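Note that this is a predicted model, so its numbers are computed, not measured. So you know, we letter chains A, B, ... as the sequences are listed, proteins then strands, and number each from 1. Because only heavy atoms are used, hydrogens play no part in the values below, and waters and symmetry mates are left out as well, while side chains stay in.
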Amino acid sequence: MPETLTDTLLRVEGLKLHYRTRNGVVRAVDDVSFDIRRNEAVVVLGESGCGKSSLAKALLRIPPRNTQECSGKVWLNGTDIMGMNEEKFRKEVRWSEISMVMQAAMNALNPVVRVGEQVAEPLCLHRGWSSERALKHAAGIFSLVGIPNDFMRRYPFELSGGMRQRAVLAMALVTEPSLVILDEPTSALDVLTQANIMNVLKRIKREMGTSFILITHDVSTSSEIADRVALMYAGQLVEFSNADDFFRNPAHPYSRLLMASVPRLRQVIRPEHIPGQPPSMLSVPEGCRFADRCPSRFERCVKNPDLLKINGDREVRCWLYEKGLKS
Amino acid sequence: MTGDNEIVVSVRDLHTWFELRRWGIVRVGNVRAVDGISFDLKRGESVAFVGESGCGKSTLARTLLGLHIPTSGKVFFEGINMQELDRKGLLDYRARVGFVQQDPYGALPPFMDVRRILREPLIIHGVGDRKEQESRIRESMEDVRLSPPEEFLHKFPHMLSGGQQQRVVIARALMLKPSMIIADEPVSMLDASVRVEILNLLRNIQKTRQLTLAFITHDLSTVRYFAERVFVMYAGRIVEKSTVDNLLEHPAHPYTRALLDALPDPDPENAARMRELPSGEPPSLIDPPSGCRFHPRCPHAIKGLCEVDIPPDFEPGEGHTAACWLHRQ
Amino acid sequence: MNRFMTGLRQIGQYPSAMAGILVILFLVGLSLYAVFAIPYRQALDLWRGGEIWQDHPRNAAPAWVNWFRLNNLPSTIIVEKSSADVESENFQGWSRVRIPLEFSYTYDEFPSEMNLFLKSRFQDKGPFIRLFWETPDGREILLGGHRPRLSHRVALSQDRNLERRLDAPPHMALLSLPDDIDKRKVLKGDYRLVIDAVFFEEESSLETKFISYGRVHGPAGTDHQRRDIMVALLWGTPIALAFGLLAAVGTTITTLIIAATGVWFGNWIDAAIQRITEVNMILPMLPILVMVGALYSRSIWVMLGVVVLLGIFSAGIKMYRAMLLPIRESPYIEAARAYGAGHSRIILRYMIPRVLPVLIPGFVTLIPTFVFLEASLAVLGLGDPVLPTWGKVLHDAQGESALYNGYYYWVISPAFMLMLTGLGFAMLGFALDRIFNPRLRSI
């Protein structure tokens with residue numbers, strides 16, 4: 001990787017987000033640490049309920065009402081943004097430095113406001129621009145995400161799903177943030193539209209130098225943009241590797257099973273399912289959280305392993321790698 | 001069972017249109033959700049209907065189930081013309097076709113427990129006494145590997161995982177021992193790790209019971225393992241029919257090719273290149289394009305032909321049809 | 001019905017729900033007590049009023065008012081004696097008895113009234129009596145002579161002659177020293193009313209009963225017809241609960257079925273139901289009920305029927321429709337159609353059970369509104385002509401200008417029962433709402 005791309009944009013250490021529910025405490029994000037470099041796309045992969053969406057909420061400091069604990073350290077360009085007061089965070093970080101495309105956001109557009117105005121709004125709010133100036137700037141973003149400029153005057157219901165998703169993307173990009181968090185940006189879209197959106201993301205990454213956190217459960221789509229992959233399981237990272245290694249040679253037993261469960265179009269490899277179910281987040285097991293589904297389980301697995309560094313830049317939470325990379 | 005090539009369902013020039021809200025007595029138009037579809041399904045085969053949302057595949061499924069009344073065309077099921085069925089006949093027909101839906105949680109009445117859910121079809125069709133119903137419930141729960149049944153019989157849908165819910169849906173579809181199962185995107189709402197399991201289950205049941213499976217999906221990548229034939233749909237029509245391997249290796253219709261090109265495999269190379277995609281979006285079904293419906297987006301459109309005449313089914317190969325002028329002899 | 005059962009199990013976590021249940025249980029207990037203690041027929045007879053109540057004071061306050069007073073208000077004193085109980089002096093053909101009616105008066109206030117009831121037996125010539133009043137300080141006052149009929153009432157406190165003679169209302173003058181009358185001071189002590197009777201026939205006899213009517217009576221007091229208000233308070237409970245429950249059940253179930261039918265079939269059926277509802281919603285319910293009451297019948301069951309009929313096509317239909325519309329489209333309904341469920345099965349077994357848990361809280365809070373409606377009708381004079389109800393008590397109180405006359409208890413006790421009913425059902429209903437509509441629950 002070129003030298004300019006390796007400097008760290010965001011560093012996360014010991015991030016926790018716990019919810020209070022009627023049945024007990026859900027540790028949705030349980031001590032997650034990772035880093036994102038400039039102009040890098042990190043894909044957070046995981047099954048539903050593994051805490052990947054909660055991770056995004058914690059980063060943007062928008063925890064839901066029933067949050068019991070939201071803690072940890074997050075540095076953006078070396079500044080601790082978790083310790084910042086809310087007012088400062090709102091002014092200087094949220095949307096101007098880190099923006100987000102929420103899950104199903106395309107259905108959350110205000111139906112009675114023109115798309116262009118909605119996209120331009122963050123500029124008026126965060127930079128105090130006049131609406132003309134903001135709209136003019138937004139027009140540039142619209143062409144970047146591939147919406148014809150005359151669509152700016154339309155209302156959300158006049159746009160197709162793909163166009164709305166692009167509009168939501170434009171809204172996240174309009175303040176030119178250094179990091180955009182995308183929560184399942186394509187899961188409700190058709191194959192062609194999905195591929196189109198991924199093209200747009202690739203172009204933005206190249207042209208604007210933006211970093212992305214792409215949260216998804218779709219392994220195939222994630223490979224479209226991933227520089228590195230963070231695989232989550234039951235609230236924890238189990239593997240954090242560069243995309244080449246992850247897709248070609250997954251390290252964690254869960255990663256391997258997950259890759260084997262993906263149906264492939266261009267290779268005849270019969271997909272295999274992963275037996276069992278993830279543990280309930282209300283009572284996660286003491287030891288390795290994947291142990292009871294793991295084919296390579298052994299005595300050590302009664303204790304939960306730490307993230308172990310292998311091959312320099314890979315991290316795996318598995319006792320198999322205690323003494324270096326297992327072949 | 002009779003011979004291998006017995007035709008279970010035969011559809012001829014089927015149209016299912018929905019009338020748009022009328023302004024007074026003025027007809028505004030129709031949504032041509034299914035617009036001229038013909039095909040045959042054989043006993044014991046699994047056929048995938050592939051297409052994007054709004055291509056009419058779900059409407060087709062619901063027309064086959066008798067939930068929508070076709071505007072014109074014919075549907076023969078085991079030799080009987082569906083349109084000629086009376087109330088009683090339709091009830092029997094519905095027992096012969098099972099339905100598996102997309103959203104397993106939504107497909108189960110939340111106020112019924114599993115036993116009740118599975119008993120409902122039996123009660124409606126007056127099958128057996130309580131004891132026989134109970135044994136059939138247990139039997140089909142074993143079939144979908146919800147075992148031991150005792151553990152699940154008293155559970156309500158929200159107590160089950162997504163995969164278990166979908167198993168209940170499948171078990172319910174099997175309760176009346178149908179000869180055909182229509183599965184409308186049966187795994188798209190499930191987690192990746194469960195999908196394969198449910199598809200394998202459906203496939204096994206289909207094979208062991210010699211069922212016809214109409215497997216509706218938007219995901220071509222699963223098709224290879226779970227269907228013998230593929231019908232590709234676009235804007236209310238079937239544009240290509242082929243066996244799975246043939247279609248994946250030699251796609252004939254430009255739309256099929258576009259779909260295949262757009263689908264990623266998990267490959268780190270993907271990030272390095274942009275995908276070639278057709279421009280534009282699927283057309284409106286109220287006022288579809290003339291001629292070939294794909295022509296406005298087609299990179300190979302032949303001027304003066306594709307936008308004028310509707311392409312008939314050409315045969316680029318044995319058992320392979322494509323509604324595309326590129327394949328005229 | 002699993003959501004229903006788990007919901008019910010959660011009730012224990014809501015103190016307000018438990019309080020509501022206690023109140024409702026109390027009301028149900030009161031109803032059962034009323035029905036068993038005063039059988040229906042007897043209740044009707046009692047409420048018709050008349051002779052039955054002659055021993056009761058008129059417009060007496062409830063006994064509990066004494067808890068808040070320095071000087072106690074008097075209770076009713078009844079002294080009875082028969083001529084057979086005392087020795088008679090026999091003469092030729094006639095006899096004479098002196099019947100002493102003794103009582104001690106220890107209250108600080110004067111009674112509200114004094115009456116003497118006489119029942120005599122004779123063939124042709126009735127007895128002759130003279131009444132003497134003996135006070136603790138030894139005075140003897142002649143109250144006058146009477147020739148009683150078979151059943152005779154001597155209204156001592158309304159005797160104008162006596163009043164003129166004593167220079168004060170007799171029931172006051174007789175119970176105080178002549179000098180203290182103006183100070184309204186009671187002379188406490190043992191009094192005696194002596195009935196000096198002369199019988200002119202051998203078989204003649206006389207039953208006497210002296211009543212000094214109190215100013216307090218029982219737990220609820222009495223009304224202008226001397227009826228014990230407690231009868232109406234007790235019997236009002238089962239009537240109110242039955243009316244509220246039947247009306248709520250009747251309207252909710254029929255409304256729900258009609259709304260579900262409209263939603264399921266759609267098209268003109270839905271349109272027709274909607275139009276009927278819209279017309280019905282602007283029809284004022286109360287005037288229609290007044291009309292029915294005035295022109296047809298005021299029976300509570302007729303009223304109930306009209307209330308249910310008018311309640312069916314009410315705003316509830318719109319609400320249920322909004323709740324059922326998305327359910328009609330839900331996949332499980334489609335699945336049910338696909339495996340052959342018919343229309344009625346889908347409506348009754350698939351659509352309605354889905355919304356029932358959400359409706360239960362509303363149903364519970366609906367009950368008191370019908371209780372109040374019934375009371376309002378009674379206050380307007382459209383109450384059932386024969387049944388004792390809370391509304392009827394309020395109606396009588398209003399008719400007698402109870403509040404101007406200081407009979408506040410006459411209004412307070414039925415109002416309290418109404419409020420208690422409302423409170424009980426509301427507390428339970430709102431707690432159920434939080435249980436069944438978790439979105440309302442504070443996290």
* **Sidechain N-carboxylate O distance under 4.0 Å for B:R273, A:E224** => no
* Structure fact -> Turns out that what part of B:L259 lies under 4.5 Å from chain A's heavy atoms comes down to both
* Asked: Relative to chain B, which segment of A:V229 carries a heavy atom at a distance below 4.5 Å: side chain, backbone, both, or neither?
  -> neither
* Engaged part of B:L248 at the chain A interface, taking heavy atoms whose separation is under 4.5 Å -> side chain
* Distance-minimising heavy-atom pair for B:S161 and A:Q277 -> OG-NE2, 3.5 Å
* Student check: side-chain heavy atoms of A:S261 and B:E197 closer than 4.5 Å -> no
* To do: List the steps and the verdict of side chain to side chain contact (heavy atoms under 4.5 Å, CB included) for B:R224 and A:L265.
  => CA-CA 8 Å; B:R224 189 196 294 270; A:L265 198 59; 5.5 Å; no
* So, B:D267 and A:S223: side-chain donor and acceptor under 3.5 Å apart, yes or no? -> no
* Structure fact -> For B:A271 and A:A226, the nearest pair of non-hydrogen atoms, with its separation, is CB-O, 4.0 Å
* Asked: Say you draw a straight line from CZ of A:R266 to CG of B:L260; how long is it, rounded to the nearest 0.5 Å?
  -> 7.5 Å
* Asked: Considering only heavy atoms, which portion of B:E281 lies under 4.5 Å from any heavy atom of chain A: side chain, backbone, both, or neither?
  -> side chain
* Asked: Considering only heavy atoms, which portion of B:L199 lies under 4.5 Å from any heavy atom of chain A: side chain, backbone, both, or neither?
  -> neither
* **Side chain proximity check, B:R275 to A:M198, heavy atoms < 4.5 angstrom** => no
* To do: Would you please test A:R270 and B:N200 for side chain to side chain contact (heavy atoms under 4.5 Å, CB included) and show each step?
  => CA-CA 10 Å; A:R270 207 176 164 80; B:N200 276 330; 3.2 Å; yes
* **Atom group of A:E272 that falls short of 4.5 Å from chain B, counting heavy atoms** => backbone
* With distance as the sole test, does B:Y225 use its side chain to make a donor-acceptor pair with the main-chain N or O of A:R264 at under 3.5 Å? -> yes
* chain B contact via A:L192 - side chain, backbone, both or neither, heavy atoms under 4.5 Å -> both
* Asked: Atom CG of B:N270 and atom CD1 of A:I225: how far apart are they, to the nearest 0.5 Å?
  -> 11.5 Å
* What are the two closest heavy atoms between B:V196 and A:P271, and how far apart are they? -> CG1-O, 3.3 Å
* Measure the shortest side-chain to side-chain distance between B:P268 and A:R248 over non-hydrogen atoms and say whether it is less than 4.5 angstrom. => yes
* At a heavy-atom separation under 4.5 Å, does B:D245 approach chain A through its side chain, its backbone, both, or neither? -> neither
* Decide if atom CD of B:E276 counts as having more than 12 heavy atoms of other residues, nucleotides or ligands within a radius under 6.0 Å. => no
* Heavy-atom distance under 4.5 Å to chain B: side chain of A:R203, backbone, both or neither? -> both
* Should B:D265 and A:F247 be marked as a side chain to side chain contact (heavy atoms under 4.5 Å, CB included) after you check the CA-CA gap, both sets of side-chain angles, and the distance that decides it? -> CA-CA 10 Å; B:D265 273 339; A:F247 291 118; over 6 Å; no
* To do: Go through the atoms of A:V191 and report whether side chain, backbone, both or neither lie under 4.5 Å from a heavy atom of chain B.
  => both
* **Best-contacting candidate, A:M259, A:M163, A:Q267, against chain B by heavy atom pairs under 4.5 angstrom** => A:Q267
* Derivation of the side chain to side chain contact (heavy atoms under 4.5 Å, CB included) call for A:H273 and B:V194 -> CA-CA 6 Å; A:H273 79 268; B:V194 190; over 6 Å; no
